[in-house]
Amino acid sequence: MTDSTQKRIAIFGSTGSIGTQALDVIKANPDKFSAEILTAQTNAELLIAQAKAFDPNVVVIGDDTKYAMVKEALADTQVKVFAGEQALVEAAAMDCYDMMLASIVGYAGLKPTLKAVEMGKAIGLANKETLVVAGDIVMQKAAQNKTPILPVDSEHSAIFQCLVGEMRNPIERIILTASGGPFRGKKPNFLVNVKRDHALQHPNWSMGAKITIDSATLMNKGLEMIEAKWLFGLKPSQIEVVIHPQSIIHSMVQFEDGSMKAQMGLPDMKLPIQYAMAFPERIKNDFPRLDFRRCEQLTFEEPDLRTFRNLALAIEALQKGGNLPCIMNAANEIAVWAFLRNRIGFLDMMAVVEQAMQKVSFIEKPTLDDYFESDAAAREFAASLIHL
Ligand code: NAD
Ligand code: MG
């Protein structure tokens with residue numbers, strides 16, 4: 001049920017870590033938000049439960065073998081049920097919502113998000129891979145259609161919050177903070193033996209499997225540097241990374257007078273999610289507060305680019321541009337998939353990404369179709385290395 005004062009939210013990837021937290025925000029603020037579209041890839045049980053609880057207009061189950069199950073479970077409701085990859089893009093084109101929360105993981109988020117951008121819908125962007133793969137095209141379409149893109153990634157939300165009221169003041173540089181993940185300070189002789197269950201233990205954040213592995217390899221920070229370039233229109237040289245293990249400062253901006261702003265708080269994704277959903281408003285909540293008397297120290301160190309080669313590779317992709325970030329992302333998705341299934345080791349992930357970046361043809365000014373083809377070529381090459 002919707003009334004005209006509510007913002008109608010479409011959560012693409014509603015069964016994931018970000019998606020379920022976005023539903024918590026909606027549940028806590030029923031006067032402000034309603035859930036109109038919910039989508040999931042395979043978790044039909046949770047999607048059904050969410051649909052019963054939130055009474056959306058539409059649900060999409062990506063895995064079409066689960067269509068009958070979802071349809072039947074929701075037979076006595078008004079919820080419309082669709083299935084398959086194309087249905088995600090069709091749902092993104094619907095009139096029934098105001099804002100898309102783009103919280104699908106990986107390249108799979110690109111096409112529905114791009115459709116929403118073309119429709120001029122506001123986007124709450126968690127799916128950083130969309131900008132890594134095709135940031136130039138996404139941002140160009142957003143400008144053409146006056147589509148607001150509001151970052152959900154905590155670092156980019158921090159920067160966005162620091163920029164409120166500063167629209168006329170150029171940025172000199174931004175500093176993305178990184179926790180360093182579970183293997184901060186470790187060297188290759190340790191990492192070579194790391195297994196998936198250890199890599200899935202993140203010290204500060206509880207997140208989906210793919211981003212948790214990306215955090216352990218520092219690929220996540222590399223993806224975020226590229227995401228920041230597109231979101232804030234920066235040159236690669238303006239984007240820096242510092243390791244800050246406590247994850248209290250979520251990122252910083254330095255202006256041309258040398259003044260620096262930081263956004264701080266306890267690590268909790270619900271805050272950037274609700275900030276994007278309610279922008280420019282801030283919503284009162286009862287999330288735990290940061291208490292400086294209890295946070296003994298805030299420390300900072302240089303990232304170890306030799307050990308965590310993924311970050312060095314991402315910096316190369318950021319600098320060279322073209323389809324190189326797209327190639328890197330695709331190879332990384334295959335490598336993480338294989339690591340999560342114990343098919344390759346921790347350090348092998350970085351080797352797969354590096355080789356794909358060397359071997360798949362570079363295109364300086366790719367079209368959208370070039371990006372689709374580069375993604376497919378890099379996946380195929382990475383899979384051949386792993387003998388999938
Ligand atoms: P997740 O794995 O927990 O959830 C992913 C969601 O996407 C699920 O709803 C799943 O059904 C759906 N999905 C997966 N594969 C799909 C496919 N092929 N087609 C359609 N839908 C598919 O992931 P997450 O941790 O919630 O992350 C989502 C996105 O948000 C990622 O891009 C991640 O980098 C970004 N992000 C997450 C966090 C976090 O705290 N989890 C923080 C910052 C950014
Ligand atoms: Mg982040």
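Everything quoted here is computed from the prediction, not taken from an experiment. As the structure lists them, so they are numbered: ligands from 1, and atoms in each ligand from 1.
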- Item | The one among Ala22, Ala102, Ser103 that brings a heavy atom closest to atom 6 (C) of ligand 1 |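 Shortest heavy-atom distance from atom 6 (C) of ligand 1: Ser103.
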
- Message: My understanding is that we take every heavy atom of each candidate and find the minimum distance to atom 29 (C) of ligand 1. Doing that for Ile104, Leu38, Ile11, which one comes out nearest?
- Response: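 When every heavy atom of Ile104, Leu38, Ile11 is considered, Ile104 comes closest to atom 29 (C) of ligand 1.
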
Counting only heavy atoms not in [X], do more than 12 sit closer than 6.0 Å to its [atom1] atom?
X: Gln144; atom1: CD; answer: yes
X: Glu72; atom1: CD; answer: no
X: Glu256; atom1: CD; answer: yes
X: Arg289; atom1: CZ; answer: yes
X: Asp291; atom1: CG; answer: yes
X: Glu85; atom1: CD; answer: no

If you measure every N or O of [X] against every N or O of ligand 1, does any of those distances drop under 3.5 Å?
X: Gly13; result: yes
X: Glu129; result: yes
X: Ala209; result: no

For [X], atoms of ligand 1 separated by under 4.0 Å from a heavy atom:
X: Ala108; result: 17 (C), 18 (N), 19 (N)
X: Met269; result: 40 (O), 42 (C), 43 (C)
X: Leu88; result: 20 (C)
X: Asn127; result: 32 (O)
X: Ser14; result: 9 (O)
X: Ile18; result: 26 (O), 30 (O), 37 (C), 38 (C), 39 (C), 40 (O), 41 (N), 42 (C)
X: Ala40; result: 11 (O)
X: Ala126; result: 30 (O), 32 (O), 35 (C), 36 (N), 44 (C)

- Message: Tell me the contacting part of Glu85 for ligand 1: side chain, backbone, both, or neither, using a 4.0 Å heavy-atom threshold, strictly below.
- Response: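 Glu85 to ligand 1: no contact under 4.0 Å from either part.
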
- Query: Given that the side chain starts at C-beta and the backbone is N, CA, C, O, which of these parts of Leu223 lies under 4.0 Å from ligand 1, counting heavy atoms, or is it both or neither?
  - Reply: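 None of Leu223 does.
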
- Give a yes/no verdict on a cation-pi contact between Lys270 and Phe287, requiring under 6.0 Å between NZ or CZ and the six-membered ring centre and an angle within 45° of the axis.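 Pair Lys270/Phe287 counts as cation-pi.
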
Minimum-distance protein heavy atom relative to [atom]:
atom: atom 9 (O) of ligand 1; result: Thr15 OG1, 2.8 Å
atom: atom 41 (N) of ligand 1; result: Ser17 OG, 3.1 Å
atom: atom 14 (C) of ligand 1; result: Val105 CG1, 3.7 Å
atom: atom 34 (O) of ligand 1; result: Lys128 CE, 3.1 Å
atom: atom 25 (O) of ligand 1; result: Gly208 N, 2.9 Å
atom: atom 36 (N) of ligand 1; result: Ile211 CD1, 3.6 Å
atom: atom 20 (C) of ligand 1; result: Gln41 OE1, 3.2 Å
atom: atom 43 (C) of ligand 1; result: Asp153 OD1, 3.1 Å

- Message: With carbon and hydrogen excluded and only N/O/S kept, which atom of Glu155 is nearest the Mg ion (ligand 2)?
- Response: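 Result for Glu155 and the Mg ion (ligand 2): OE1.
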
Using a distance-only test with no angle check, is there a side-chain donor-acceptor pair under 3.5 angstrom linking [X] and [Y]?
X: Glu36; Y: Ser34; answer: yes
X: Ser179; Y: Asn204; answer: no
X: Asn43; Y: Thr15; answer: no

- Query: Between atom OG of Ser17 and atom CH2 of Trp205, what is the distance when rounded to the nearest 0.5 Å?
  - Reply: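 It comes to 10.0 Å.
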
Test: [X] and [Y] ion pair at under 4.0 Å:
X: Glu155; Y: Lys128; result: no
X: Asp197; Y: Lys195; result: no
X: Asp348; Y: Arg343; result: no

- Asp153 atom OD1 and Glu224 atom OE2 as seen from the Mg ion (ligand 2), angle to 10 degrees: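 Reported to 10°, the angle equals 90°.
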
- Heavy-atom check, side chain of Ile243 versus side chain of Phe308, under 4.5 Å: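 In short, these two side chains do not touch, never coming nearer than 4.5 Å.
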
- Answer yes or no for Asn43: is there a heavy-atom contact with ligand 1 below 4.0 Å?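 Heavy atoms of Asn43 never come under 4.0 Å of ligand 1.
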
